[in-house]
Colleague: 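Would you mind keeping the following structure in view while I ask a few things?
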Amino acid sequence: MTQRSGGPVVPADTVESVPVGSEPQQLAAPTPQVVRAWLLHHLQFTVGADPQRASTLDWRLALSHTIRDRALAPWLEAQRRTREESRKRVHYLSMEFLIGRLLEDTTMNLGLRDVVVEALDGLGLPFTDLADDEPDAALGNGGLGRLAACYLESMSTLGLPAYGYGLRYEHGLFKQGFEDGRQIETPEDWLVVDNPWNFTRPETAHPVALHGHVEEVDGRPVWRPRFHVLAAAHDTPIVGFGGRWANTLRLWAAHNTAALFDLDRFNAGDFVAAAEPEALARSLGRVLYPNDETHRGKELRLAQEYFLTSASVQDILARHLDEGGDLRSLPDRVAIQMNDTHPAIAGPELIRLLVDTHGFDPDPAVDLTTRVLGYTNHTLLPEALERWPLDLMRKVLPRHLQIIERLDTRDIELRGPRPEGAGLIRDGHVHMGDLAFLSSHRVNGVSALHTELVTKDLFPVLDSRTPGRVVNVTNGITPRRWLALANQPLAALVTETIGSGWETDLERLRGLEDHVDDPGFREAFGRTKRQAKVRLADWLQDAHGISTPLDALYDVQIKRIHEYKRQLLNILWTIARWQRIRRDPDAGWVPRVKVFGGKAAPSYTVAKGIIRLANDVAARINDDPVTRDLLQVVFPPNYNVSMAERLIPATDLSEQISTAGMEASGTGNMKFALNGALTIGTLDGANVEIREQVGADNFFLFGLTADEVAHHRTVPDHGRTAIQASQTLQDVLQEIAEGTFSPGDQHRHGQLLDLLWNSDWFLVCSDFEDYDAAQTRVDEAYGDPDEWQRRAILNVARMGMFSSDRAIRQYMDLVWDAESAL
Ligand code: 26Q
């Protein structure tokens with residue numbers, strides 16, 4: 001429960017004279033011999049393994065420690081400079097960080113990749129074998145979590161002092177397997193094997209209070225919690241490209257404390273209730289909730305969200321005070337960003353600490369809080385919007401509920417009466433989006449279209465009462481992981497063609513446009529795509545026993561399985577394609593490999609039905625000797641960040657086909673285009689801006705617009721009408737209904753058929769014909785390799801604005817008012 005504080009153990013001037021983290025000569029680029037010496041040292045003295053008998057795991061851990069050592073100099077130096085120069089820090093609060101692997105990324109960012117490859121070569125160890133041995137840190141569901149990871153990396157690359165704050169889940173996102181085509185979930189256990197990137201900070205822990213009641217003492221409210229759970233810090237260094245700066249990802253683990261046992265209840269004979277605090281503490285850090293885009297109002301989730309938020313806000317205040325800051329100057333030194341509403345209790349928590357612990361009056365506390373906080377919205381889906389029943393709030397966080405009520409009335413005092421049905425608290429619930437909005441000085445959406453819809457449809461009242469608060473920051477992706485690391489052949493060609501520097505200045509890719517008419521360059525570009533396909537095909541063979549052709553169009557849809565993302569549209573079209581090839585096998589079809597990847601939330605029945613249909617269709621089609629060489633469907637299980645790194649470089653066609661108005665941004669769409677895939681997509685999320693950038697000719701557009709979607713949903717029987725107007729679609733649905741893909745179980749996919757015929761909220765049927773037409777244009781374009789290559793190159797060349805560095809700079813200007821230290 002102690003804060004790390006007190007004077008340094010050695011006099012400050014002694015500390016100052018030590019070059020941070022390493023000997024000076026080690027800061028210069030090491031030779032392969034030196035790297036080998038470090039590696040052998042760690043293998044023996046850290047891992048405890050005999051070099052003669054060491055396993056891949058042993059070597060991987062030894063290498064990770066070797067690399068981690070190199071991260072310490074920039075890491076400690078960054079912290080020291082931030083303190084000494086009293087710089088403003090950004091604190092990114094997120095329930096999810098989908099980091100993936102760290103070994104290769106950190107090695108590359110430290111500029112050590114070549115020397116490490118050479119050092120390992122001398123030992124007969126391929127670097128990729130060690131890199132591939134690392135489990136993904138899968139502490140997230142999808143886009144929101146991966147965005148947080150890209151942003152951390154960019155903040156380090158830009159030299160922006162920052163902390164990522166999250167939870168150290170024992171089990172990340174479940175592992176997906178398939179049995180008879182059905183999704184099977186098993187627990188993920190990344191922490192079973194030692195995590196070499198982790199620094200445990202036992203001296204940095206904060207008590208997080210829960211439950212209890214509020215008393216009035218001397219006219220001031222006092223929260224008497226029923227128990228406390230201890231949040232203990234675990235730190236990971238996140239090194240920026242170039243190795244000049246590193247920030248911290250701080251993950252909280254929930255610890256038991258002796259005080260967790262409720263002795264009063266035990267003595268009163270209520271043994272089960274007495275153990276409840278302990279049970280809650282044990283569950284808090286256990287598992288990531290696997291629902292994306294669905295809020296379920298579970299007490300444990302609320303407790304997790306508060307645990308993350310309270311520990312982080314306490315940590316931030318403690319650091320500010322430890323550095324001699326006055327809390328009134330908090331906004332000069334501290335920005336806190338809420339990644340969606342999951343940490344939205346940060347507003348009330350900061351107010352509570354300022355008022356109850358530090359003696360502030362409520363109004364200045366609220367003022368300070370809003371100046372510190374920013375809120376990013378990632379969704380418009382009604383079922384994803386968090387709202388907590390008042391009873392639950394009162395039970396778990398009674399003091400916070402008082403503060404929320406006060407915020408609500410203060411809004412009326414400040415800004416006048418609100419229209420009927422507005423307010424933080426309505427229909428018996430606290431609405432966390434409204435709370436996050438009111439507690440922040442900036443609110444942002446994640447693409448131009450999304451921000452417009454956030455303003456118009458989600459927060460029209462709040463927006464009109466606080467003009468200028470809503471801004472747009474279109475998402476971005478880190479070009480280091482998503483090009484330099486994931487696609488080394490293409491990265492090398494880019495560097496060869498326009499020089500290095502694009503890694504941190506992605507707009508330089510524009511320079512590729514000058515080479516688009518050079519046949520030699522186009523050919524070289526085509527070779528990199530083929531190399532990526534070879535690499536993917538090898539992996540599919542080795543890891544999954546699937547063999548795929550190389551001379552085919554790789555058509556890929558990877559993302560969470562959700563009705564609005566419309567994997568179903570893609571599957572239905574795949575069936576139509578199969579039927580057409582069977583009718584006329586010699587019609588000169590462009591061979592296609594259709595790849596699906598993604599997980600369904602375990603309780604999302606329809607999404608699971610879609611997975612089963614995809615697998616059933618794959619089984620039937622891949623087994624057909626007539627079509628086998630022209631159409632193949634591949635659905636490797638357990639899609640994750642590492643799989644994305646293999647699939648994206650090999651992709652020709654990127655499927656971004658959500659119902660318009662429903663995908664906030666998408667970030668996979670950016671990764672594909674950056675790797676030279678063309679997009680088939682709707683005018684949704686960041687697709688709109690991608691199309692603007694790459695040019696309409698280099699993007700396969702189809703489908704209803706967001707406005708048309710809204711209107712079309714009011715047309716009675718739109719699904720049925722669309723089916724009746726499309727012979728192609730009727731044939732597809734007929735084939736499913738006859739049981740072709742579910743022999744012996746004809747009605748297996750009845751629920752999906754029923755949805756399409758009778759409701760079709762996601763407008764799969766209404767967009768089918770236009771999607772089909774766009775796919776025909778894809779075939780035509782692919783039939784002219786030169787032209788395809790040209791368009792693919794233009795996609796790469798025009799993706800500059802989608803760097804996460806650009807996004808972070810916009811946050812620095814528009815939201816955080818923070819500067820780089822470099
Ligand atoms: C909420 C309550 C309880 C349990 C879980 C959740 C929950 C968890 C995760 C709700 C939503 C999420 C994740 C949402 C998400 O990933 N959204 C995506 O964010 C990306 C980054 O901005 C966008 O690119 C995607 O468009 C958006 O879908």
Side-chain angles (χ1 to χ4, degrees), residues 92 94-98 138-151 166-167 169 172-174 287-306 308 337-345 375-388 392 429 431-433 436 444-451 453-454 472-478 558-566 598-599 601-604 641 656-672 681-682 684-690 706 802 804 807 811:
Y92 200 85
S94 178
M95 288 287 282
E96 311 199 356
F97 285 93
L98 202 45
L139 308 183
N141 277 287
L144 166 150
R146 182 54 231 175
L147 186 77
C150 282
Y151 282 1
L167 291 184
Y169 302 106
L173 187 63
F174 66 85
V287 61
L288 165 77
Y289 270 87
N291 321 323
D292 72 333
E293 316 281 6
T294 28
H295 163 71
R296 292 184 178 273
K298 291 272 195 282
E299 178 177 342
L300 179 60
R301 170 77 182 188
L302 177 61
Q304 282 187 329
E305 293 181 352
Y306 180 60
L308 159 71
Q337 191 64 23
M338 298 183 281
N339 199 20
D340 215 288
T341 55
H342 313 158
I345 199 70
Y375 156 48
T376 304
N377 173 284
H378 297 267
T379 189
L380 302 165
L381 298 195
E383 65 270 29
L385 300 177
E386 289 190 295
R387 38 184 233 137
W388 297 102
L392 186 65
H429 290 79
H431 290 252
M432 302 307 273
N444 76 284
V446 290
S447 72
L449 174 65
H450 171 68
T451 299
L453 298 173
V454 163
N472 176 245
V473 182
T474 298
N475 283 165
I477 57 169
T478 168
I558 44 175
K559 48 184 80 244
R560 281 301 281 255
I561 311 295
H562 203 293
E563 284 165 282
Y564 85 80
K565 297 179 188 278
R566 298 200 295 194
K599 297 177 182 179
S603 57
Y604 189 173
V641 172
Q656 307 300 337
I657 61 177
S658 51
T659 313
M662 303 197 77
E663 189 70 88
S665 160
T667 44
N669 47 3
M670 303 168 187
K671 294 163 195 168
F672 280 113
T682 48
D684 200 16
N687 291 355
V688 176
E689 291 151 87
I690 292 175
F802 299 99
S804 44
Y811 278 102

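Just follow the structure's listing: the first ligand is 1, and inside any ligand the first atom is 1.
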Colleague: Does an N or O anywhere in Tyr564 fall below 3.5 Å from an N or O of ligand 1?
Modeller: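 Indeed, backbone or side chain, Tyr564 has an N or O that close.
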Colleague: Can Thr682 and Arg566 be counted as having a side-chain donor-acceptor contact under 3.5 angstrom?
Modeller: no
Colleague: If we set the cut-off at 4.0 Å for heavy atoms, which region of Glu386 has an atom near ligand 1: side chain, backbone, both, or neither?
Modeller: side chain
Colleague: Ligand 1 and Glu96, any nitrogen or oxygen pair closer than 3.5 angstrom?
Modeller: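 No, Glu96 has no N/O under 3.5 Å of an N/O on ligand 1.
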Colleague: Name the closest protein heavy atom to atom 13 (C) of ligand 1, giving the residue it belongs to and the distance to 0.1 Å.
Modeller: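 That would be Asp292 CB, 3.8 Å.
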Colleague: Any N or O of Asn141 that comes nearer than 3.5 Å to an N or O of ligand 1?
Modeller: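 N/O-N/O distance under 3.5 Å: no.
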Colleague: What do you reckon, does Gly666 have a nitrogen or oxygen under 3.5 Å from a nitrogen or oxygen of ligand 1?
Modeller: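 There is such a contact, yes.
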Colleague: Examine the side chains of Ser658 and Asp684 and answer whether a donor and an acceptor come within less than 3.5 Å of each other.
Modeller: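 Yes.
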Colleague: Kindly indicate whether the side chain of Glu96, heavy atoms from C-beta on, has any atom under 4.5 Å from the side chain of Leu173.
Modeller: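 With C-beta onward as the side chain, the pair stays apart.
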Colleague: Could you say whether the N/O atoms of Ala664 and ligand 1 ever approach to under 3.5 Å?
Modeller: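 Yes - when backbone and side-chain N and O of Ala664 are compared with those of ligand 1, one distance drops under 3.5 Å.
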Colleague: List ligand 1 atoms under 4.0 Å from Glu663, heavy atoms only on the residue side.
Modeller: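 Under 4.0 Å from Glu663, ligand 1 has these atoms: 25 (C), 26 (O), 27 (C), 28 (O).
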Colleague: Among His378, His431, Glu386, whose side chain to side chain donor-acceptor pair (under 3.5 Å) with Thr341 holds?
Modeller: Glu386
Colleague: Which part of Asn475 is near ligand 1, with near meaning a heavy atom under 4.0 Å away: side chain, backbone, both or neither?
Modeller: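 Answer for Asn475: side chain.
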Colleague: Return the closest protein heavy atom for atom 22 (O) of ligand 1 as residue, atom name and distance.
Modeller: His378 ND1, 2.6 Å
Colleague: Can you tell me if Asn472 uses its side chain to pair, donor with acceptor, with the backbone of Ser447 under 3.5 Å?
Modeller: yes
Colleague: For ligand 1, does Arg301 get within less than 4.0 Å through its side chain, its backbone, both, or neither, judged by non-hydrogen atoms?
Modeller: side chain
Colleague: Check whether any side-chain heavy atom of Arg146 lies under 4.5 Å from a side-chain heavy atom of Lys671, and answer yes or no.
Modeller: yes
Colleague: For residues His562 and Asp292, is any side-chain donor paired with an opposing acceptor at under 3.5 Å?
Modeller: no
Colleague: What I'd like to find out is whether the side chain of Asn339 reaches to under 4.5 Å of the side chain of Tyr151, using heavy atoms alone.
Modeller: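 Counting from C-beta outward, Asn339 and Tyr151 never come under 4.5 Å.
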Colleague: Rounded to the nearest 0.5 Å, what's the gap from CG on Leu144 to CD on Glu293? Could you check?
Modeller: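 These two atoms lie 8.5 Å from each other.
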Colleague: Short N/O distance, under 3.5 Å, between Asn291 and ligand 1?
Modeller: no
Colleague: Using a 3.5 Å cut-off on N or O atoms only, is Glu293 in polar contact with ligand 1?
Modeller: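 Yes; the residue has a nitrogen or oxygen that sits under 3.5 Å from a nitrogen or oxygen of the ligand.
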Colleague: Check Asp340 against Thr379 and note the closest heavy-atom contact, atom names and distance.
Modeller: OD2-N, 4.1 Å
Colleague: Is the closest N or O pair between Leu144 and ligand 1 shorter than 3.5 Å?
Modeller: yes
Colleague: Can Met95 be said to touch ligand 1, with heavy atoms closer than 4.0 Å?
Modeller: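 In this structure, Met95 fails to qualify as a contact of ligand 1 - no heavy atom is under 4.0 Å.
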Colleague: Select one of side chain, backbone, both or neither to describe which atoms of His342 lie under 4.0 Å from any atom of ligand 1, heavy atoms only.
Modeller: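 It is the side chain that touches ligand 1; the backbone stays farther off.
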